[in-house]
Amino acid sequence: MARVLVVEDDPDVRGALVRELAVRDHVVRSAGTAMDALREVTQAPPDVVVLDLGLPDLDGGEVLKMLRGVSDVPVVIATARDDEPEIVRLLNAGADDYLIKPFSAEHLSARLAAVLRRAARSGSSVLLRVGGLRIDPDRREAALDGAPLELTRREFDLLAYLAARPGHVVARRELLAEVWRQPYGDDQTIDVHLSWLRRKLGETAAKPRYLHTVRGVGVRLVGP
Ligand code: CA
């Protein structure tokens, strides 16, 4: 059983894939656009992604690049184009496998199982990377430039939450609600944890490298 994200804009194909995978005991979520897929991957990290190349909002290569920017999740390309150079390009750009449409549910299921076995052998399936930061949410490990970071539970949660949304300004209310589970909590709680986290990242509020406070709005994690 795996958590599968099916990215496919054709509702009939999407529905059929979701049904067939669910019947095979997978936990399936789906997205019809690249933007929905990226949001899914950061908010509910899957074990594997099935990615249709012909999406309405972004080219398949672009989607893959953006996915790789936030996650190491295995990606199986599903393409109607029997286009070898494109497939080779995407495999080189970080796709893990591909299927030419139309394919059977058995074939897809077997490919997913193979990709998941490979991912399990090579360790975690979801690794967040921002600049020199590496965060493994499953193992709750974080490292900066190869050196492990000793973080408290809350510091880790805060860092992982921001790292899953690199470059986005995350509002303090959102952090209180999602990381602290206290939507009406005190902003100072965040400031204190941010300053501890900054110290561990070797930076200060005055000279930020990764953690940038956007006055009156929130916090943004971005590579230096
Ligand atoms: Ca399509």
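None of these values were measured; they are calculated from a predicted model. One-based numbering along the sequence shown. Both counts, for ligands and for their atoms, begin at 1 and track the order of listing.
Between the Ca ion (ligand 1) and Pro56 there is no N/O/S contact shorter than 3.0 Å. At least one N, O or S atom of Asp52, from either the backbone or the side chain, sits less than 3.0 Å from the Ca ion (ligand 1).
We find the CD1-OG distance between Ile190 and Ser195 to be 12.5 Å, quoted to the nearest 0.5 Å. Rounded to the nearest 0.5 angstrom, Glu40 CD and Arg29 CZ are separated by 4.0 Å.
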- request: Go through the steps to decide whether Tyr98 and Leu91 satisfy the test side-chain contact (heavy atoms from CB on, under 4.5 Å), and finish with yes or no.
  value: CA-CA 8 Å; Tyr98 70 95; Leu91 288 173; 4.0 Å; yes
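Distances from the Ca ion (ligand 1) to each N, O or S atom of Asp9 single out OD1 as the nearest.
Using a distance-only test at 3.5 Å, with no hydrogens or angles considered, a donor-acceptor pair links the side chain of Ser71 to the main chain of Val73.
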